[in-house]
Amino acid sequence: MGKLTVVTGVSGSGKTTMILESLIPALSASVNGKKLPAHVKSLKAPGIYQVKLIDATPIGINVRSTVATYANVHDELRKIYARTPDAKARGYKAGDFSYNTGKLRCPESLTGQNL
């Protein structure tokens, strides 16, 4: 509660499956007073009274237009990143944190490369 929580991992490691098939169903069951999914052994989520899933499904024709885009989630995150002590020390501004155009983006695709 009151924290930004991030799930990271390499492609194909099960991040989306964990969220969509375990966490969300377990939270929904807990909120609605139902049994947890059989594969979820326990859940502690005090203070959570509703669950809303906002995914990255594109809205309209542009595949980059998602609910997060329309709600300015990315803009707000960039502003938060720019306020960090490390960003200030390096002179980074909010626009530097854009994964499309910012100077911090990776200029090369790593797809298919051995890392």
Side-chain angles (χ1 to χ4, degrees):
M1 297 286 292
K3 304 282 183 197
L4 172 64
T5 303
V6 180
V7 178
T8 66
V10 298
S11 179
S13 64
K15 302 175 299 292
T16 301
T17 300
M18 179 182 69
I19 299 300
L20 296 180
E21 295 182 15
S22 296
L23 182 61
I24 297 297
L27 286 170
S28 293
S30 177
V31 164
N32 294 307
K34 298 182 178 178
K35 279 182 60 174
L36 295 175
H39 66 280
V40 177
K41 301 302 176 201
S42 67
L43 175 72
K44 294 180 184 176
I48 295 180
Y49 303 104
Q50 64 177 329
V51 178
K52 303 270 186 200
L53 175 63
I54 300 174
D55 64 13
T57 302
I59 299 173
I61 297 170
N62 185 344
V63 295
R64 292 188 179 183
S65 295
T66 66
V67 171
T69 305
Y70 283 104
N72 292 321
V73 169
H74 298 112
D75 291 338
E76 293 304 314
L77 287 173
R78 285 190 278 273
K79 290 175 190 174
I80 291 168
Y81 296 150
R83 288 195 303 259
T84 65
D86 286 341
K88 287 180 180 180
R90 290 173 174 83
Y92 294 152
K93 305 293 181 208
D96 295 323
F97 292 94
S98 173
Y99 55 85
N100 293 322
T101 60
K103 67 182 177 187
L104 301 178
R105 75 178 181 89
C106 181
E108 298 178 25
S109 172
L110 299 178
T111 304
Q113 295 183 17
N114 293 326
L115 301 176

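None of the values given here were measured: they were computed from a predicted structure. Computation of the quantities below employed the complete heavy-atom set of this structure, encompassing side-chain atoms and omitting hydrogens, waters and symmetry-equivalent molecules.
- Nearest heavy-atom pair, Ala26 versus Pro37, reported as atom, atom and distance to 0.1 Å: CA-CD, 3.8 Å.
- Between the CE atom of Met18 and the OG1 atom of Thr16 there is a distance of 9.0 Å, given to the nearest 0.5 Å.
- A tilted orientation is assigned to the rings of Tyr81 and Phe97, their planes being inclined by 30° to 60°.
- Rounded to the nearest 0.5 angstrom, Lys79 NZ and Lys93 NZ are separated by 14.0 Å.
- In this structure, the side chain of Ser98 does not engage the main chain of Gly95 through any donor-acceptor pair within 3.5 Å.
- The minimum heavy-atom distance between Ala82 and Ala94, with the atom names listed, is CB-N, 3.5 Å.
- Judged by distance alone, with hydrogens and angles left aside, the side-chain atoms of Lys15 form a donor-acceptor pair with the main-chain N or O of Gly9 at under 3.5 Å.
- Classification of Arg78 and Asp75 as a salt-bridged pair holds, one side-chain N sitting under 4.0 Å from a carboxylate O.
- Leu23 CG to Thr17 OG1: the interatomic distance, rounded to the nearest 0.5 Å, is 12.5 Å.
- Although no hydrogens or angles enter the test, the distance criterion places a donor-acceptor pair under 3.5 Å between the side chain of Ser28 and the main chain of Ile24.
- Looking at every heavy atom in both residues, Lys35 comes nearest to Ala29 through O-CB, 3.3 Å.
- Each of Val7 and Val10 belongs to its own hydrophobic cluster when Ile, Leu, Val, Met, Phe, Trp and Tyr are linked at side-chain heavy-atom distances under 4.5 angstrom.
- Atoms CD1 and CG, from Ile48 and Leu43 in turn, are 7.5 Å apart once rounded to the nearest 0.5 Å.
- Residues Val51 and Asn32 have side chains not in contact (no heavy-atom distance under 4.5 Å, counting atoms from C-beta outward).
- The hydrophobic clustering, which links ILVMFWY residues whose side-chain heavy atoms are closer than 4.5 Å, places Leu53 and Tyr49 apart.
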